[in-house]
Amino acid sequence: MRPSERLDWDDLKLILALAEAGYVNRAAEKLRVDPTTIPRRIRRLEQRLDLKLIERIKGGVVLTQAADDLVRVARAVETGIDDALAAPLEAPPVTGTVKLSGTDFMLDLLADVFVELQRRFPGLVLDLKPTNAYLSLDRRETDVAIRQAESPHDGLVGRRLAPIPLGIYAPPGLTEKENGKPWLSWTLPRGVSEIDELILQHDPKARIVARVDSMMAQARLSMRGLGCAILPDTYIAAHPEYSALRRMADGPSYPAWVVTHEELRHVPRIREVMAVVANRFASKNAT
């Protein structure tokens, strides 16, 4: 056991009170305790520390050199506590750069909250990275990431967002056909075969007329009549210019998280960015 573990703040307050009062009764008044308890507490403390602290404890007291050393420690601790409590209870400043990655449509849906966040914290710089790639938090390619995932990977912490629902949309004016409509999909082979499979389930004779690795671009192209597309419902609902798109059926829903590295979770600027993302895409199951 370390020496510091053999005494606590109450022990230091006792020694300090005796040093400042000079008498047991006055020290008892300062500590608001019965005078008879002080000699007992001193004896127990001496036994615990294996040190002689008081030369005389009948009326006036004389502290030993060891007690004088503890008095200096007690005063330093007391000063530190007083300074901490006297300081204004202000949150640390939110300044610096935060790299935030996510799909283009997710960052687009956050535009308004980003504006408000920067107004609240003028010293904050947002380095936004619209991407479908998983930028590395370990290598600090990004500080905060919005990811489609069931749960964070090891070493990452975050909050679960509401699932991302997709819908199957047709452009205005598309000639009604049972099968064989033009479709927009994703560039192969980057794990998007499931989208092609979903398109074929809905339209067995589908014609892929364009592959575009951006849901925002797919929405614009679909609205102009290029083809049907599987798009995020929240993004389409947030943009009145896409109101003419016809929602034909439900698509899949993907789980989502906003995550950061464990080492960054308490950094003020990281905490604020995480909070606005989580609040914008709130989930009842957020953790």
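FYI, side chains are in, hydrogens and waters are out, and symmetry mates aren't considered; it's all heavy atoms of this structure.
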What I'd like to find out is whether the side chain of [X] reaches to under 4.5 Å of the side chain of [Y], using heavy atoms alone.
{"X": "Phe121", "Y": "Glu272", "answer": "yes"}
{"X": "Arg280", "Y": "Val277", "answer": "no"}
{"X": "Ile54", "Y": "Pro39", "answer": "no"}
{"X": "Thr142", "Y": "Thr131", "answer": "no"}
{"X": "Tyr169", "Y": "Met223", "answer": "no"}
{"X": "Leu70", "Y": "Leu49", "answer": "yes"}
{"X": "Glu116", "Y": "Asp112", "answer": "no"}
{"X": "Tyr235", "Y": "Thr103", "answer": "no"}

| task | Give the C-alpha distance, both sets of side-chain angles, the deciding distance and a yes or no for side chain to side chain contact (heavy atoms under 4.5 Å, CB included) between Leu100 and Phe114. | result | CA-CA 11 Å; Leu100 171 62; Phe114 287 155; 3.3 Å; yes
Working to the nearest 0.5 Å, report the span between [atom1] of [X] and [atom2] of [Y].
{"X": "Thr95", "Y": "Leu124", "atom1": "OG1", "atom2": "CG", "result": "8.5 Å"}
{"X": "Ile42", "Y": "Gln47", "atom1": "CD1", "atom2": "CD", "result": "11.5 Å"}
{"X": "Arg211", "Y": "Thr187", "atom1": "CZ", "atom2": "OG1", "result": "7.5 Å"}
{"X": "Met215", "Y": "Leu166", "atom1": "CE", "atom2": "CG", "result": "5.0 Å"}
{"X": "Asn132", "Y": "Asp213", "atom1": "CG", "atom2": "CG", "result": "6.0 Å"}
{"X": "Arg220", "Y": "Glu241", "atom1": "CZ", "atom2": "CD", "result": "9.5 Å"}

Whether the [X] and [Y] side chains hold a donor-acceptor pair (N or O, under 3.5 Å, no angle test) is what I'd like checked.
{"X": "Gln65", "Y": "Asp69", "result": "yes"}
{"X": "Thr36", "Y": "Asp34", "result": "yes"}
{"X": "Asp127", "Y": "Thr97", "result": "no"}

Minimum-distance pair of heavy atoms, taken over all atoms of [X] and [Y]:
{"X": "Met248", "Y": "Cys228", "value": "CE-SG, 3.9 Å"}
{"X": "Leu245", "Y": "Ala219", "value": "CD1-O, 4.4 Å"}
{"X": "Ser253", "Y": "Pro165", "value": "OG-CA, 3.4 Å"}
{"X": "Glu46", "Y": "Leu53", "value": "OE2-N, 2.8 Å"}
{"X": "Tyr254", "Y": "Glu194", "value": "OH-OE1, 3.0 Å"}
{"X": "Ala238", "Y": "Pro240", "value": "O-CD, 3.5 Å"}

| Step by step, would you call Tyr242 with Leu231 a side chain to side chain contact (heavy atoms under 4.5 Å, CB included)? | CA-CA 11 Å; Tyr242 297 135; Leu231 303 169; over 6 Å; no
| Heavy-atom donor-acceptor pair, Asp104 side chain to Ser214 backbone, under 3.5 Å |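 Checking the backbone N and O of Ser214 against the side chain of Asp104, no donor-acceptor pair under 3.5 Å is found.
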| field | Other residues, nucleotides, ligands: >12 heavy atoms within 6.0 Å of Lys129 NZ | value |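 Result for NZ/Lys129: enclosed.
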| task | Kindly confirm or rule out a cation-pi arrangement of Arg147 over Tyr134, judged by NZ or CZ under 6.0 Å from the six-membered ring centre and within 45° of its axis? | result |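 Here Arg147 passes the 6.0 Å and 45° test against Tyr134.
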| query | Val276 and Leu109: same hydrophobic cluster, using ILVMFWY side-chain contacts below 4.5 Å? | reply |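 Both belong to a single hydrophobic cluster.
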| Do the side chains of Ile195 and Leu184 join up, straight or via other hydrophobic residues, at under 4.5 Å, putting them in one cluster? |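 No; tracing contacts between hydrophobic side chains, which count when under 4.5 Å, never links both residues.
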| request: Report the C-alpha distance between His239 and Met216 in whole Å, list the side-chain angles of each, state the deciding distance to 0.1 Å, and finish with yes or no for side chain to side chain contact (heavy atoms under 4.5 Å, CB included). | output: CA-CA 11 Å; His239 290 272; Met216 289 175 61; over 6 Å; no
| said: Please determine whether a side-chain nitrogen of the Lys or Arg among Asp233 and Arg247 lies less than 4.0 Å from a carboxylate oxygen of the Asp or Glu. | reply: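 Looking at Asp233 and Arg247, the cut-off is met.
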| query | Are Arg269 and Asp143 within salt-bridge range, i.e. N to O under 4.0 Å? | reply |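 No, Arg269 and Asp143 are not salt-bridged.
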| task | Apply the test side chain to side chain contact (heavy atoms under 4.5 Å, CB included) to residues Thr37 and Leu31: give CA-CA distance (whole Å), side-chain angles for both, the deciding distance (0.1 Å), then the verdict. | result | CA-CA 11 Å; Thr37 66; Leu31 296 172; over 6 Å; no
